[in-house]
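These notes are about the structure you will find just below.
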There are 2 protein chains.
Amino acid sequence: MYERKIPEDLECGVTITAKVLGGKWKPCIIDSIRRGIQRPSELHQDITEASPRVINMQLRELLDHGIIDKKIYPGLPLKVEYNLTPVGEGILFIIDAMDKWGEENRDHVLQVTEETAG
Amino acid sequence: MYERKIPEDLECGVTITAKVLGGKWKPCIIDSIRRGIQRPSELHQDITEASPRVINMQLRELLDHGIIDKKIYPGLPLKVEYNLTPVGEGILFIIDAMDKWGEENRDHVLQVTEETAG
DNA sequence: CCGTACAGGGAAAAATTTTTCACTGCCTGA
DNA sequence: TCAGGCAGTGAAAAATTTTTCCCTGTACGG
């Protein structure tokens, strides 16, 4: 695992949340899981822009942060299922708020600042 | 400026918001400004963990995204003041929600996963 | 003139995150 | 036996973000 050289400041709540949601694909993965896409292979098929390896890594972090849990079904063929924990469900509120804000303000944010008003 | 090699997917609202809040010091800067710390030099003194250069760069991005605006007072000595735009004030809701969630779930998120429960 | 404060930028280094490539291992169907 | 699906990882490369170091320019106090 990567060993940080600059310590994180985890005293601020925002930093904690950013740590949890910060990965490039995490909100996407959380959303998929909430929509019922729970098995690794299904997630890989659902999020084709990211390689399976990438998704696995982010799943691992979400797991470590207690956002999702992992159920390994015994026996074969292999079957694994990820689900949101109660804490994970609590963060949906933030993802939804981010999505809403982003949709509402896309144009404003993306406007190329051509104006050099004084 | 850095030229991306992997295109961004800005169709998703979450991505837009992440773009706006994603910089390491942005939520911090936004919070300072909202607390009335508006001049560059004041911000530099308020956020000593980050170098002035770093803060300037993030201010620039916030400006480009229309989260803050910049008032340059004519005459000398130089005086510049940053303020939240209405759009910027709208994003406070998300920062607050992130802070709240982070505070409430710090322990859960930071728990080292010692359990290897089956 | 010298040191300081104001606001800010260029270039390169360092840190961090994301991606790719190549594997392990088991099982099923052809 | 070979091909493919399942779940997953190690190591290194590539991409991206953050940081450091050093400069530009004006004005003020001494």
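Proteins come first, then strands; the chains are lettered A, B, ... in the order of their sequence lines, and each starts at number 1.
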Can you tell me if the side-chain N/O atoms of [X] get under 4.0 Å from OP1 or OP2 in [N]?
X        : N       : answer
Lys70(B) : dG8(C)  : yes
Tyr82(A) : dG8(D)  : yes
Gln58(A) : dT18(C) : yes

Take the protein atom [atom1] of [X] and the nucleotide atom [atom2] of [N], then report the distance between them rounded to whole Å.
X        : N       : atom1 : atom2 : answer
Leu63(A) : dG8(D)  : CG    : C1'   : 13 Å
Asp9(A)  : dT18(D) : CG    : P     : 15 Å
Met57(A) : dT16(C) : CE    : C1'   : 11 Å
Arg60(B) : dT19(D) : CZ    : C1'   : 19 Å
Ile68(B) : dA7(C)  : CD1   : C1'   : 14 Å
Leu59(B) : dG9(C)  : CG    : P     : 10 Å
Tyr2(A)  : dT16(D) : OH    : P     : 17 Å
Glu3(A)  : dA15(C) : CD    : P     : 12 Å

Under 4.5 Å between side-chain heavy atoms, counting indirect links through other Ile/Leu/Val/Met/Phe/Trp/Tyr residues: same cluster for [X] and [Y] or not?
X        : Y        : result
Val87(A) : Leu84(A) : yes
Tyr82(B) : Tyr73(B) : no
Trp25(B) : Ile6(A)  : no

**Prompt:** Is there a donor-acceptor pair closer than 3.5 Å between any side-chain N or O of Asn105(B) and the backbone N or O of Trp101(B)?
**Reply:**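 Flag set: sc Asn105(B) to bb Trp101(B) pair under 3.5 Å.
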
**Request:** Please check if the side chain of Thr15(B) supplies one atom and the backbone of Glu11(B) the other of a donor-acceptor pair under 3.5 Å.
**Result:**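 Between the backbone of Glu11(B) and the side chain of Thr15(B) there is no qualifying donor-acceptor contact (under 3.5 Å).
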
Looking at every non-hydrogen atom in both residues, tell me the closest pair between [X] and [Y] and how far apart they are.
X        : Y        : value
Lys19(A) : Glu8(A)  : NZ-OE1, 2.9 Å
Gln58(A) : Ile29(A) : CB-CD1, 3.7 Å
Leu43(B) : Ile37(B) : CD2-O, 3.5 Å

**Request:** Decide yes or no on salt bridge (charged side-chain N to carboxylate O under 4.0 Å, His left out) for Lys100(B) and Asp96(B), but give the supporting numbers first.
**Result:** CA-CA 6 Å; Lys100(B) 184 160 181 288; Asp96(B) 289 341; over 6 Å; no

**Message:** Would you say CD of Glu49(B) has more than 12 non-hydrogen atoms from neighbouring residues, nucleotides or ligands within 6.0 angstrom?
**Reply:**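 Enclosed: over 12 neighbouring heavy atoms sit under 6.0 Å from CD of Glu49(B).
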
**Prompt:** Picking from Gln38(A), Lys70(A), Arg34(A), what satisfies side chain to side chain donor-acceptor pair (under 3.5 Å) with Asn83(A)?
**Reply:**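 Passing option: Gln38(A).
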
**Prompt:** Run the salt bridge (charged side-chain N to carboxylate O under 4.0 Å, His left out) check on Arg60(B) and Asp64(B) step by step: do they pass?
**Reply:** CA-CA 6 Å; Arg60(B) 174 61 111 100; Asp64(B) 287 347; 3.7 Å; yes

**Item:** Selection: residues 23-56 of chain B, any non-hydrogen atom under 4.0 Å of DNA chain C
**Value:**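 Going residue by residue through residues 23-56 of chain B, the ones with a heavy atom under 4.0 Å of DNA chain C turn out to be Arg39(B), Pro40(B), Ser41(B), Arg53(B), Asn56(B).
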
**Item:** Neighbours of DNA chain C within residues 11-19 of chain A, by heavy-atom distance under 4.0 Å
**Value:**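 The answer is none.
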
I'd like a list of close polar pairs between nucleotides 25-30 of chain D and the protein, N/O only, cut-off under 3.5 Å.
none

**Message:** Heavy-atom nearest nucleotide on DNA chain C for Arg4(A) versus Ile6(B): which residue maps closer to 5'?
**Reply:**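 Nearest nucleotide further toward 5': that of Arg4(A).
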
**Message:** The side chain of Val80(A) is closest to which nucleotide in this list: dT19(C), dT17(C), dA7(D)?
**Reply:**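 So the nucleotide nearest the side chain must be dA7(D).
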
